[in-house]
Q: 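Following this message is one structure expressed as structure tokens.
Here the structure is a predicted model, which means the values were calculated and not measured. Residue numbers start from 1 in every chain, and the chains themselves are labelled A, B, ... in the order their sequence lines are given, proteins ahead of strands.
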Amino acid sequence: MTLWRRDIPLLITFLTGIIYVLNNVGTISIGSTTLGELVQDLNVWVLIVAAFAMGVASVNLLRLHGEKVQRRREGWGYSLVLIATMLGYMLIGALGTTYQIPFFADLTNLVYTNVQSPLGATMWAMVGFFICSSAYRAFRARNVEGTIMLVAGILVMLGNAPIGESIWGGFPVLSKWLLDIPNTAGQRAIMIGAAIGAFTTALRTVTGIDRRYMGTIE
Amino acid sequence: MAISNVSVAFTVSLIFMTVVSLYVVFRVKNSDWQPKIRRITGLDHIEEAVGRATEMGKPVHFSPGVHDITVQTAPQTFAGLAILGYVAQLCARLDVELICTIMRPNVYPLADAIVRQKYLEEGKIDRHTDRTVRYLGEHDQAYAYGVYGIMRRERPAANIMMGGFDGTAVGFAENAAITGSISVAGTAQLPQIPFFVASCDYTLIGEELYAAGAYLSKDRDTTASICGQDVVKAVVIVLLLIGTITTTFGSNAIQELLLR
């Protein structure tokens with residue numbers, strides 16, 4: 001049992017991890033094949049595995065919403081719309097792109113342009129408001145850190161807004177200094193720490209020291 | 001076998017970091033010394049948040065991020081999945097409903113296996129259903145709308161977000177705040193960190209996310225790897241100091257060395 005559920009996945013993780021890492025060391029040739037070509041082949045395998053994963057995940061989505069419709073739970077109508085949209089778009093997408101039927105190809109683009117795109121734009125517009133409300137909550141002078149954020153935020157805003165410069169010419173200079181010096185230094189420190197942390201996490205995963213992503217099968 | 005166009009700096013760094021990390025793990029494994037990791041405040045609040053959900057009889061929402069396991073930011077997702085195991089165990093133990101939302105299909109089977117295993121360990125496998133780990137759709141907006149909807153309809157008492165996140169995630173925390181939920185987040189995505197700091201109650205910044213998995217596991221090997229990470233970090237700090245001093249005096253030796 002552990003051979004299939006633990007040992008073989010660990011071996012695959014180790015080998016593929018090593019191949020990807022070595023590919024970044026330089027151009028490595030084994031006989032007539034380069035490691036880069038092997039990585040390209042592996043990338044195709046990644047797509048194949050991802051297609052299976054998409055199937056598994058889609059089944060979860062369908063079961064979840066199918067059950068909601070079947071039991072007439074609150075909001076079941078929305079679930080019905082989701083299932084119909086998902087299966088419908090899958091069908092017209094397959095007929096339009098895979099079988100190249102012009103009517104369905106146009107319909108695929110029409111739905112994407114007139115439904116998906118406006119919904120996406122709406123989402124990003126909402127994010128703008130969420131940023132404002134989160135900034136309002138965070139920029140309250142509750143403690144020393146909050147006060148520093150508040151003061152720095154106000155200075156940067158005044159430095160970037162035209163009204164700031166008309167109040168005092170030093171605001172843009174101060175704002176630029178805040179962004180270029182303390183902000184960049186802090187960001188770089190986080191970046192270096194995170195890069196080392198990411199490396200160690202990757203090393204733990206590739207070498208099998210950390211196997212929790214498999215569901216801790218011992 | 002032939003090697004050409006070798007990136008010297010990358011290769012040397014890779015070998016050094018690997019050898020140091022594995023050496024520390026090996027040394028700790030063969031000694032009685034138990035390395036200690038400093039308390040990570042944000043993580044302590046996860047237990048508090050799940051406890052709050054228990055008292056209120058409301059669910060806990062968990063997201064392991066919006067990044068895949070096949071991209072450069074995959075370690076963030078793996079760190080998030082390690083924390084998911086801890087959260088799932090707590091939820092199973094305290095009989096709290098867990099809602100784990102997933103954006104990437106590749107992450108779904110892993111998250112489901114982790115949660116299922118933790119429920120099994122706690123003897124609560126009957127509580128693990130299709131509704132526990134939910135795939136919402138592999139599109140930023142589809143996932144975001146799905147999470148916003150869950151926040152509004154199911155009103156979780158705790159919202160835990162650990163992994164790689166992008167722009168839409170600020171909305172997760174804001175919707176959580178609107179519905180009175182506690183948000184604990186962690187990411188190493190630099191552009192997202194300020195938004196999490198502003199919108200969440202507790203935030204794990206950068207490398208804290210990676211250390212969190214080890215901190216929660218209490219496993220000797222995993223904790224030892226964090227010690228190896230600290231040794232590497234100390235060397236990087238020394239290099240930075242030398243680089244700063246040499247650059248101040250007009251020498252670019254360190255930069256040139258690292259660019260080879």
Side-chain angles (χ1 to χ4, degrees), chain A residues 21 24-31 46 49-50 53-58 60-61 63-64 67 74-75 78 116 119-120 122-124 126-127 129-131 133-135 137-139 149 187 189-194 196-205 207 209-210 212-217, chain B residues 1-7 10-11 14 17-18 21 25 70 75-76 78-79 81-82 85 102 105-106 108-110 113-114 116-117 130-131 134-135 141 144-145 153 167-168 170-171 173-174 177 188 190 193 195 197-199 205-207 210-211 213 217 221-222 225-226 228-229 232-233 236:
Chain A
V21 168
N24 284 300
V25 166
T27 311
I28 301 175
S29 313
I30 308 158
V46 167
V49 173
M54 175 64 99
V56 173
S58 301
N60 170 263
L61 194 72
R63 280 177 66 170
L64 196 70
E67 192 206 0
E74 194 188 342
Y78 298 115
Q116 169 62 33
L119 281 173
T122 311
M123 163 59 61
W124 289 110
M126 280 163 70
V127 168
F129 290 105
F130 286 141
I131 289 171
S133 65
S134 68
R137 285 192 298 117
F139 288 4
M149 266 182 88
Q187 282 202 11
I190 293 170
M191 211 154 56
I192 292 167
I196 298 169
F199 172 80
T200 313
T201 307
L203 187 71
R204 280 203 302 263
T205 308
T207 53
I209 292 172
D210 192 349
R212 282 172 295 167
Y213 67 93
M214 299 163 79
T216 325
I217 303 149
Chain B
M1 191 167 106
I3 307 174
S4 57
N5 303 324
V6 177
S7 167
F10 174 77
T11 311
L14 180 75
M17 286 161 78
T18 309
S21 300
V25 171
T70 55
Q76 292 187 52
F78 282 111
L81 288 172
I102 304 291
N106 284 334
Y108 174 77
L110 298 179
I114 289 167
R116 186 181 291 273
Q117 180 68 22
D130 282 341
R131 292 172 58 79
R134 305 179 193 178
Y135 170 69
Q141 286 111 36
Y145 280 129
R153 283 191 304 272
T168 51
V170 68
E174 275 311 290
L190 213 51
I193 292 171
F195 297 116
V197 171
S199 58
I205 297 172
E207 64 172 319
Y210 301 114
S217 75
D221 293 355
T222 314
S225 70
I226 301 294
Q229 182 181 321
V232 173
K233 212 189 303 168
V236 170

Q: Counting heavy-atom pairs under 4.5 Å to chain B, which of A/Met191, A/Glu74, A/Gln116 comes out on top?
A: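 Sorted descending by pairs with chain B, the first entry is A/Gln116.
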Q: So which of B/Ala188, B/Gly171, B/Ala144, B/Pro109 has the biggest tally of heavy-atom pairs under 4.5 Å with chain A?
A: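 Greatest number of close heavy-atom pairs with chain A: B/Gly171.
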Q: Check each atom of A/Leu203 against the heavy atoms of chain B and say whether the ones under 4.5 Å are side chain, backbone, both or neither.
A: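 It is the side chain, since no backbone atom gets that close.
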Q: Check B/Glu207 with B/Lys233, please: is the shortest side-chain N to carboxylate O separation under 4.0 Å?
A: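 Yes, this pair counts.
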Q: Would you mind checking which part of B/Tyr210 comes under 4.5 Å of any heavy atom in chain A, side chain (CB onward), backbone (N, CA, C, O), both or neither?
A: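 The answer is both parts of B/Tyr210.
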Q: Who passes ring-ring contact (aromatic ring centres under 6.0 Å, His included) against B/Phe78, sequence neighbours left out?
A: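 Residues passing ring-ring contact (aromatic ring centres under 6.0 Å, His included) with B/Phe78: A/Tyr213.
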Q: Given a strict heavy-atom distance threshold of 4.5 Å, which part of B/Ser7 is in contact with chain A: side chain, backbone, both, or neither?
A: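 Both backbone and side chain of B/Ser7 come within 4.5 Å of chain A.
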Q: With a 4.5 Å cut-off on heavy-atom pairs, point out which of B/Val197, B/Leu14, B/Val25, B/Leu81 contacts chain A the most.
A: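 Of the options given, most contacts go to B/Leu14.
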Q: Which pair of heavy atoms, one from B/Glu174 and one from B/Ser199, lies closest together, and at what distance?
A: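 Of all heavy-atom pairs spanning B/Glu174 and B/Ser199, the closest is OE2-CB, 3.5 Å.
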Q: Select, from A/Ile131, A/Thr207, A/Ile30, the one with the greatest count of heavy-atom pairs under 4.5 Å involving chain B.
A: A/Ile131
Q: Let me know if A/Val25 has heavy atoms under 4.5 Å from chain B in its side chain, its backbone, both or neither.
A: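 Contact with chain B is through both the backbone and side chain of A/Val25.
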Q: Under a 4.5 Å heavy-atom cut-off, does chain B meet the side chain of A/Met126, its backbone, both or neither?
A: side chain
Q: With chain B as the partner, which of A/Arg204, A/Met149, A/Glu67 has the greatest number of non-hydrogen pairs under 4.5 Å?
A: A/Arg204
Q: For B/Leu110, is it the side chain, the backbone, both, or neither that has a heavy atom closer than 4.5 Å to a heavy atom of chain A?
A: both
Q: Output the option from A/Ser133, A/Ala53, A/Ala198, A/Gly193 having the highest count of non-hydrogen pairs under 4.5 Å with chain B.
A: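 Most pairs with chain B among the choices: A/Ala198.
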Q: Among B/Met17, B/Gln76, B/Arg116, which residue forms the greatest number of heavy-atom pairs with chain A at distances under 4.5 Å?
A: B/Met17
Q: Where on A/Ile28 is there a heavy atom nearer than 4.5 Å to chain B: the side chain, the backbone, both, or neither?
A: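 A/Ile28 touches chain B through backbone and side-chain heavy atoms alike.
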Q: Applying side chain to side chain donor-acceptor pair (under 3.5 Å), name anything that partners B/Arg153, two or more places apart in sequence or on another chain.
A: none
Q: Where does B/Val236 contact chain A at under 4.5 Å (heavy atoms): side chain, backbone, both or neither?
A: side chain
Q: Taking all heavy atoms of B/Asp130 and all of A/Asn60, pick out the closest pair and write down the distance.
A: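 Closest approach of B/Asp130 to A/Asn60, heavy atoms only: O-ND2, 3.3 Å.
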Q: If you count the non-hydrogen atoms of other residues, nucleotides and ligands that lie under 6.0 Å from CZ in B/Phe195, is the total more than 12?
A: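 Atom CZ in B/Phe195 is not packed in, count stays at 12 or less.
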Q: Which bit of B/Ile193 is near chain A, if near means a heavy-atom gap under 4.5 Å: side chain, backbone, both or neither?
A: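 Only the side chain of B/Ile193 comes within 4.5 Å of chain A.
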Q: Please name the pair of heavy atoms, one in A/Val46 and one in B/Thr70, separated by the smallest distance, quoted to 0.1 Å.
A: CG1-CG2, 3.5 Å
